[in-house]
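Notes follow the structure.
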2 protein chains.
Amino acid sequence: MATIKDVAKLAGVSVSTASVALRGKGPVSEATRRRVIEAARALDYQPNAIARSLVTRRTRTVGLLLSDLTDPYFHEIAKGVEAVLSRAGYALILADTDRSPEKELRAYEIFRSQQVAGMILAGSGTEDEAHFEQLEKRDVPIVTLGRHRSGLPCVAVDNVQAAKTAAQHLIETGCRRIGLIAGPPGLLAAEERREGYLAALAEHGLSPDPRWMLVGDFTPAGGYRAAMELFTARGLDRHDRPDGLVAGNDQMAIGALKALRELGIRVPEEIAVVGIGGIPTGEYVEPPLTTVALPLKTMGEAAAQMLLCRIERGGGSLPEQHEEHIWLETTLLVRSSTRARSAR
Amino acid sequence: MATIKDVAKLAGVSVSTASVALRGKGPVSEATRRRVIEAARALDYQPNAIARSLVTRRTRTVGLLLSDLTDPYFHEIAKGVEAVLSRAGYALILADTDRSPEKELRAYEIFRSQQVAGMILAGSGTEDEAHFEQLEKRDVPIVTLGRHRSGLPCVAVDNVQAAKTAAQHLIETGCRRIGLIAGPPGLLAAEERREGYLAALAEHGLSPDPRWMLVGDFTPAGGYRAAMELFTARGLDRHDRPDGLVAGNDQMAIGALKALRELGIRVPEEIAVVGIGGIPTGEYVEPPLTTVALPLKTMGEAAAQMLLCRIERGGGSLPEQHEEHIWLETTLLVRSSTRARSAR
DNA sequence: ATGAAAGCGCTAACAT
DNA sequence: ATGTTAGCGCTTTCAT
């Protein structure tokens with residue numbers, strides 16, 4: 001690999017002149033600038049970001065921490081993050097915690113040692129965000145996605161409202177006995193969505209039967225198991241059964257749909273199902289899934305953008321100028337897993 | 001951030017002694033070693049990988065280049081890569097090319113300037129792999145996933161065989177008029193799968209009707225459009241229609257399944273459908289998708305492992321010791337989108 | 001066993 | 001406008 005020294009030598013200038021010329025900042029005669037650029041091209045010179053970072057004390061890398069690379073929730077988010085970052089010339093260091101504290105710690109250490117300019121924390125993570133908040137204090141800006149309780153800057157959606165919208169849609173289309181497959185306890189999004197579900201029911205004077213409330217793990221398999229249990233293991237007779245079901249996320253809704261098909265329970269006629277998330281797959285299952293769509297790509301872009309702002313503003317651990325929380329809107333996507341409005 | 005200097009001072013030793021003690025290599029008295037470690041912990045010291053890399057001239061980062069972060073094909077692959085890399089203490093720099101040459105070039109430059117220790121190239125990329133092969137020559141090991149024509153070390157599956165297996169399965173379960181939704185022309189995997197499809201038919205003395213051969217873009221929407229065209233725009237009467245369909249990947253198969261449902265064409269009774277890929281979603285569509293599953297996670301792990309080998313062997317641009325190509329097996333996963341064997 | 005000194009590739013004062 | 005010098009945080013000879 002050619003170094004700036006090689007470039008300088010070939011161009012017949014000093015290293016510092018080469019440095020200045022290459023970056024276009026500072027005073028250089030047009031002639032030498034040209035010579036240096038030319039030399040750089042001839043040598044296929046690529047600046048060594050490592051060396052540069054060491055002296056400038058800032059890198060152009062950001063760490064993205066997420067809890068499961070195979071969870072569709074993260075795919076568009078990651079895509080959005082990557083797009084914004086790479087356009088800005090930043091490198092994205094990705095770490096998957098697999099929801100394991102050890103892996104999270106390892107990721108944290110890698111990020112630190114790599115001197116990331118900032119980090120994006122997506123998904124649950126450990127309850128214990130202590131290390132991260134500490135980092136924030138040391139001038140490593142952090143933006144979280146969905147962890148709005150953490151005291152860290154955050155891009156999020158109103159999960160309570162999202163679940164409320166889901167349940168309301170069910171109510172408006174005629175459901176009265178509405179069940180829930182909640183996400184894993186302890187996960188903020190799951191708790192909030194449960195809350196929204198309860199609130200919507202309460203607002204309409206509907207009381208949720210505890211037998212209709214299940215817990216899944218945000219995976220399709222979890223949704224499948226929950227729905228199976230709901231309809232086979234809970235001793236519900238024909239009129240005790242729910243006629244509507246809110247799933248804590250699309251993944252579980254999709255699993256539930258499969259269980260219902262296997263049980264010969266018609267959707268939406270016998271039970272309407274609504275998910276939360278808006279992942280692309282929802283369109284391709286049977287019936288196509290009605291869902292409260294989260295602006296996933298936008299969430300990723302916004303988080304990256306916000307982080308970039310904070311990084312480039314510099315030393316921004318106490319910024320008042322910009323909002324610390326961005327709330328994005330969700331949208332109800334009505335497909336066929338719920339009844340048409342007119343069927344009310 | 002504490003530096004090694006701070007640690008040395010606190011421990012009352014020289015920087016070089018601290019360095020040696022911290023890494024456990026070289027001669028240090030047990031007593032000072034302990035003192036240094038203690039000081040490091042007290043200061044929450046984390047070695048600066050940037051500085052270290054500058055002097056050792058090697059980083060512990062590897063670049064992963066893929067063509068679309070939202071394509072399920074990559075999810076388990078990326079997960080496998082990440083797992084192996086992070087376990088080995090490497091940072092993963094991710095870049096999404098979006099199948100755009102400019103973005104690919106940008107990624108290439110970022111990887112280079114970050115001095116990645118190696119790279120994994122997954123997915124199509126530009127035809128022009130020139131830059132990358134050049135890098136390889138400069139001692140930046142590269143492993144490709146599925147680009148086995150490139151002359152670069154590679155982890156791959158036999159796509160010809162995979163498609164052959166798919167078509168054979170259809171034939172064995174009684175299909176005789178077998179169509180194909182091929183992937184994008186120019187994409188190696190797509191071409192090879194087409195080839196396998198043709199070979200299987202030929203071996204059984206079946207001649208493919210050109211009207212049954214469509215092209216999609218590896219997305220569900222593409223598969224949907226292709227299936228719609230096959231059954232509505234090609235003027236096929238009842239007995240001209242295919243009774244079996246090979247899709248170039250699971251994504252397109254899933255899209256096709258949706259189209260068939262909308263058209264009221266029963267699967268597998270009227271037409272059996274088989275995909276290639278084995279993505280998790282296949283299990284949750286209706287009917288569950290029969291597919292030739294690729295060992296995606298293993299592919300990612302193997303590629304990362306192979307890269308690590310080459311990195312740590314050092315200067316390995318001409319290695320004979322290890323295989324340059326790893327071929328992984330595919331497995332037919334029979335679900336309900338094809339007829340049961342007994343129905344032959 | 002420990003420390004002093006040099007230097008990785010680059011940028012940033014500071015001369016000239 | 002250009003060059004000289006110093007130094008980022010660390011590892012690595014080489015003395016001691």
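- Under the salt bridge (Lys or Arg N to Asp or Glu O under 4.0 Å) criterion, B:Glu38 pairs with B:Arg41, not counting sequence neighbours.
- Taking atom CG of residue A:Leu22 and atom C1' of nucleotide C:dT11, one finds them 12 Å apart after rounding to whole Å.
- Between the P atom of C:dT2 and the CD atom of B:Glu30 lies a distance of 11 Å, rounded to the nearest Å.
- Each end of the helix from C:dA1-D:dT16 to C:dT16-D:dA1 yields a helix axis from five base pairs, and these two axes differ in direction by 40° (to the nearest 10 degrees).
- Minimum interatomic distance between B:Leu64 and B:Ala122 (heavy atoms only, all atoms of both residues): CD1-CB, 4.5 Å.
- Pairing each heavy atom of B:Val7 with each of B:Ala39, the nearest pair is O-CB, 3.8 Å.
- Contact check on B:Arg57 versus B:Asp139 returns no salt bridge, with no Lys/Arg side-chain nitrogen under 4.0 Å from an Asp/Glu carboxylate oxygen.
- Residues of residues 32-41 of chain A that place a heavy atom closer than 4.0 Å to DNA chain D, in numerical order, are A:Thr32.
- Interatomic distance, B:Gln115 CD to B:Leu54 CG, rounded to the nearest 0.5 Å: 9.0 Å.
- The two residues A:Leu296 and A:Glu76 have their closest heavy-atom pair at CB-CB, 3.8 Å.
- With a 4.5 Å cut-off on side-chain heavy atoms, B:Leu308 and B:Leu85 count as touching.
- For A:Asp68, the salt bridge (Lys or Arg N to Asp or Glu O under 4.0 Å) criterion is met by B:Lys79, not counting sequence neighbours.
- Sorted by first then second residue, the ring-ring contact (aromatic ring centres under 6.0 Å, His included) pairs that include residues 134-156 of chain A, not counting sequence neighbours, are A:His148-A:Trp327.
- The shortest distance between side-chain heavy atoms of B:Glu82 and A:Lys103 falls below 4.5 Å.
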If a protein heavy atom is under 4.0 Å from the base, mark B; if only from the sugar-phosphate, S; if neither, -; do that for nucleotides 7-16 of chain D going 5' to 3'. BBBBBB----

